[in-house]
Number of protein chains: 2
Amino acid sequence: MKKKKTLTIHDLARELNYSASTISRALKNHKSISKKTTQLIQKAAKEQGYRPNSIAASLRKNKSKTIGVLVPKISRPFGSNLISGIETEARKKGFNVIISQSNDSITNEIANSKALFDSRVGGIIASLSMETQNTDHFNQFVDQDIPVVFVDRVPKDFPSYHVIIDNYTAAYRATEHLIEQGCKRIAHFAGSQHINVYSERRRGYVDALKKYNLPVDEELIIYMNSLSFEEGQQYTEVLYNLASPPDGIFSSNDTAAVSAIIYLKKSGYKIPEDVAIIGFNDDPISSIVEPPLSTVYHPAQKMGELSTRRILEHSVNEGTEIAKEISVMDTHLILRASSLRKSTHID
Amino acid sequence: MKKKKTLTIHDLARELNYSASTISRALKNHKSISKKTTQLIQKAAKEQGYRPNSIAASLRKNKSKTIGVLVPKISRPFGSNLISGIETEARKKGFNVIISQSNDSITNEIANSKALFDSRVGGIIASLSMETQNTDHFNQFVDQDIPVVFVDRVPKDFPSYHVIIDNYTAAYRATEHLIEQGCKRIAHFAGSQHINVYSERRRGYVDALKKYNLPVDEELIIYMNSLSFEEGQQYTEVLYNLASPPDGIFSSNDTAAVSAIIYLKKSGYKIPEDVAIIGFNDDPISSIVEPPLSTVYHPAQKMGELSTRRILEHSVNEGTEIAKEISVMDTHLILRASSLRKSTHID
DNA sequence: ACTTTTTACGCAACCGATTGCGTTATTTTT
DNA sequence: AAAAATAACGCAATCGGTTGCGTAAAAAGT
């Protein structure tokens with residue numbers, strides 16, 4: 001099994017009696033090379049299956065056509081849809097995508113950021129881990145003029161692009177919807193409050209209650225660590241052992257919302273009559289659970305595409321000053337049976 | 001915003017009065033450098049935040065610590081779990097993971113394989129697109145002694161590692177289970193038959209029927225293109241407009257199985273009493289649908305981890321002859337309410 | 001005390017493409 | 001016809017580590 005040597009521009013140069021520079025330029029359609037020569041070289045390259053070594057090009061140009069991605073978990077719908085969007089947009093422009101996941105650990109996030117830096121990515125797209133409070137490990141990129149785009153879970157202050165949704169308004173609308181459906185005591189499944197998305201969702205929830213003159217009862221705000229299925233079940237039980245349990249739940253994600261639906265049905269509650277529920281994200285399970293879960297559409301894939309475009313723009317306008325620039329993407333409520341009470345239709 | 005220059009070993013060399021070779025060796029704990037010098041250099045490197053340029057190393061060594069991944073769709077549970085497993089295992093060993101998705105198009109698959117080759121990946125893990133019948137585009141890797149691992153959807157003949165499950169036996173067991181539950185007319189949702197996983201599942205289904213002396217009725221075998229939710233609904237309708245509709249369905253994936261459940265419930269059928277259903281994959285929706293879907297556990301994450309280990313082994317034992325070597329991973333039935341008839345318990 | 005080995009490092013080529021600058025040969029301009 | 005401009009290409013340095021080979025000094029062996 002002898003390794004066939006890969007063809008280089010030098011091999012082509014020797015064979016065609018041109019210099020390596022001419023080969024290189026011809027392959028890039030550089031204008032200083034005559035049409036005839038260019039065609040001849042490109043033909044030969046193609047026939048012999050020449051494949052450029054992008055490692056060499058990256059080294060020379062001191063930057064690679066690669067985008068580094070740093071997300072909490074790839075296997076969650078948000079993570080995989082985000083990455084799918086990034087991949088789609090990146091590949092269109094000939095960029096590769098290197099992925100990494102922090103598993104919501106700051107230690108991993110730091111280690112991964114170093115690995116991505118070492119491979120000299122041309123840009124980085126990151127969604128912060130649950131544990132991340134300090135973002136110094138992203139400074140190395142800024143120092144090198146490598147564009148950083150934070151998406152969804154973003155830091156408070158960092159001079160870079162942000163691609164987010166309006167969590168506050170979405171949460172406000174979701175809560176308002178439950179109120180319109182007649183809910184008087186609405187619980188909220190909240191996440192860690194140092195993460196922007198969860199604190200904003202809580203804020204929207206609280207403000208909606210206030211707006212409609214409903215009391216804000218801290219007893220009804222459940223702070224979860226991971227908003228997992230198990231946590232959802234566990235805290236739903238707690239909630240419905242209260243003296244006066246809630247008649248509505250706004251959950252910060254679909255997983256916990258679905259687990260609440262399943263738990264409550266088993267306990268004999270009617271959804272949405274006894275308890276109206278709305279989630280967040282529009283994960284696949286939300287349309288499968290019975291009754292189907294109302295939720296907030298989360299444009300993960302599109303956020304990935306836009307984040308990538310931000311990186312590529314910067315890559316073109318080399319040296320553009322990086323400043324904080326925020327793109328807010330649209331979301332909307334997806335109303336399904338878990339929150340739509342018949343009475344509404346009768347009204 | 002002037003770009004800080006990145007520190008190189010040459011900078012360190014100048015500053016510490018050593019040659020670049022010594023710096024390089026010291027950082028790698030090469031034995032030919034004295035302990036004292038090694039410590040001194042490592043200390044200085046750390047203090048000044050030296051970060052190796054892995055692009056340069058890759059060029060020189062003519063191979064990168066990078067694994068290329070080629071899957072049909074990242075956003076499907078199988079794709080994202082596979083990638084998650086790959087990422088986890090690769091990062092442990094300091095390898096990066098470059099991803100790409102074919103969206104089940106052979107054209108994309110070929111283009112992506114070229115892109116991965118151009119970036120000189122150290123190995124490649126691929127799951128074939130629906131359209132792939134010819135795998136010549138993977139020869140370039142073999143020619144360069146770059147290890148290729150095919151996973152799940154694999155070609156018939158290709159001298160490389162394969163990581164698969166025993167689709168035949170899993171399908172046989174799933175069908176057998178339906179028969180044990182009393183089904184006499186079992187339909188099968190099949191995928192494209194040139195893809196190993198789908199033809200094997202069909203084969204297992206057919207052999208189980210034969211084994212139990214049930215007739216194989218081609219009318220009950222539905223060949224779908226994508227096994228999507230929509231296709232599932234569409235063909236379930238066809239199936240239940242037959243003169244004598246089936247009393248059981250073995251679907252090649254969960255998505256179509258779930259769509260059948262939903263369609264059939266809406267049409268007034270009882271699951272599993274009228275129709276017992278079993279799917280394949282154990283996607284999250286399968287445990288959420290009502291009744292919960294029986295299915296075949298598919299170890300996507302573990303398959304990713306094992307595939308990665310195969311690549312890394314080869315990377316260590318440089319020049320190992322690449323031969324066809326197949327790893328078959330365990331699966332098992334997950335039995336839930338969609339297929340468990342009460343009568344069984346009464347027997 | 002002299003030879004052999006080992007230790008500790010430096011030299012310089014190399015990986016493959018890119019690019020600023022320079023050099024002819026050919027055209028165009030005046 | 002001489003000067004200027006342009007076209008078409010080559011030279012050689014460069015990107016940042018890596019590594020085979022060479023060498024001087026120190027240690028070990030006889």
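Residue numbering restarts at 1 for every chain, and letters A, B, ... go by the order of the sequence lines.
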task = Using atom CZ of B:Arg120 as one end and atom P of C:dA17 as the other, report the distance to the nearest whole Å.
result = 7 Å
note = The complete set of salt bridge (Lys or Arg N to Asp or Glu O under 4.0 Å) pairs with one or both residues in residues 40-62 of chain A, sequence neighbours excluded, reads A:Lys43-A:Glu47, A:Arg51-B:Asp118
query = Think A:Tyr50 has a side-chain N or O under 4.0 angstrom from the OP1 or OP2 of C:dG16?
reply = no
message = Distance check needed: D:dT18 P versus B:Ile55 CD1, whole Å only.
response = 13 Å
request  = Whole angstrom is fine here: how far is it from NE2 in A:His10 over to C1' in C:dC14?
outcome  = 11 Å
request  = Write down the distance between NZ (B:Lys65) and C1' (C:dC15), rounded to a whole number of angstrom.
outcome  = 18 Å
query = Considering only heavy atoms, which members of residues 22-40 of chain B lie under 4.0 Å from some atom of DNA chain C?
reply = B:Thr22, B:Arg25, B:Ser32, B:Ile33, B:Ser34, B:Thr37
ask   = Where along residues 12-21 of chain B does a heavy atom fall under 4.0 Å from DNA chain C?
value = B:Asn17, B:Tyr18, B:Ser19, B:Ser21
task = State which residues pass ring pair (Phe, Tyr, Trp, His ring centres under 6.0 Å) with A:Phe138; sequence neighbours excluded, sorted by chain then number.
result = A:Phe150
ask   = When the distance from CG of B:Asn53 to C1' of D:dT18 is rounded to whole Å, what number comes out?
value = 13 Å
query = Looking just at side-chain N and O atoms, do A:His137 and A:Glu109 make a donor-acceptor pair shorter than 3.5 Å?
reply = yes
message = By the salt bridge (Lys or Arg N to Asp or Glu O under 4.0 Å) test, which pairs, at least two apart or in different chains, include something from residues 77-86 of chain A?
response = none
message = Tell me which pairs pass ring pair (Phe, Tyr, Trp, His ring centres under 6.0 Å) where either residue lies in residues 103-131 of chain A, with sequence neighbours left out.
response = A:Phe117-A:Phe141
request  = Keeping to residues at least two apart or across chains, list the salt bridge (Lys or Arg N to Asp or Glu O under 4.0 Å) pairs with something in residues 20-29 of chain B.
outcome  = none
ask   = Could you give the CG-to-C1' distance, from A:Leu59 to D:dT18, as a whole number of Å?
value = 12 Å
query = Restricting to pairs with a member in residues 25-75 of chain B, which pass ring pair (Phe, Tyr, Trp, His ring centres under 6.0 Å), not counting sequence neighbours?
reply = none
task = Quick one: list whatever passes salt bridge (charged side-chain N to carboxylate O under 4.0 Å, His left out) with B:Glu87, sequence neighbours left out.
result = B:Arg91
ask   = Rounding to a whole Å, what distance do you find between A:Asp118:CG and D:dG17:P?
value = 10 Å
request  = Ignoring backbone atoms, test whether B:Asn62 places a side-chain nitrogen or oxygen under 4.0 Å from the OP1 or OP2 oxygen of C:dG16.
outcome  = yes
query = Is the shortest heavy-atom distance from the side chain of B:Leu12 to the side chain of B:Gln48 under 4.5 Å?
reply = yes
key: Between the first and last five pairs of the helix from C:dA1-D:dT30 to C:dT30-D:dA1, the angle of the axes, rounded to 10 degrees   = 30°
inquiry  = Show me the pairs that pass salt bridge (Lys or Arg N to Asp or Glu O under 4.0 Å) and involve residues 68-86 of chain B, at least two apart or across chains.
reply    = B:Arg76-B:Asp104
ask   = In whole Å, what is the span from the CG atom of B:Leu7 to the C1' atom of D:dG17?
value = 13 Å
note = Among the nucleotides C:dG16, D:dC15, C:dT18, whichever has the atom closest to the side chain of A:Ile9 is C:dT18
ask   = Does anything in residues 60-112 of chain B pair up under ring pair (Phe, Tyr, Trp, His ring centres under 6.0 Å), and if so which pairs, sequence neighbours excluded?
value = B:Phe78-B:His298
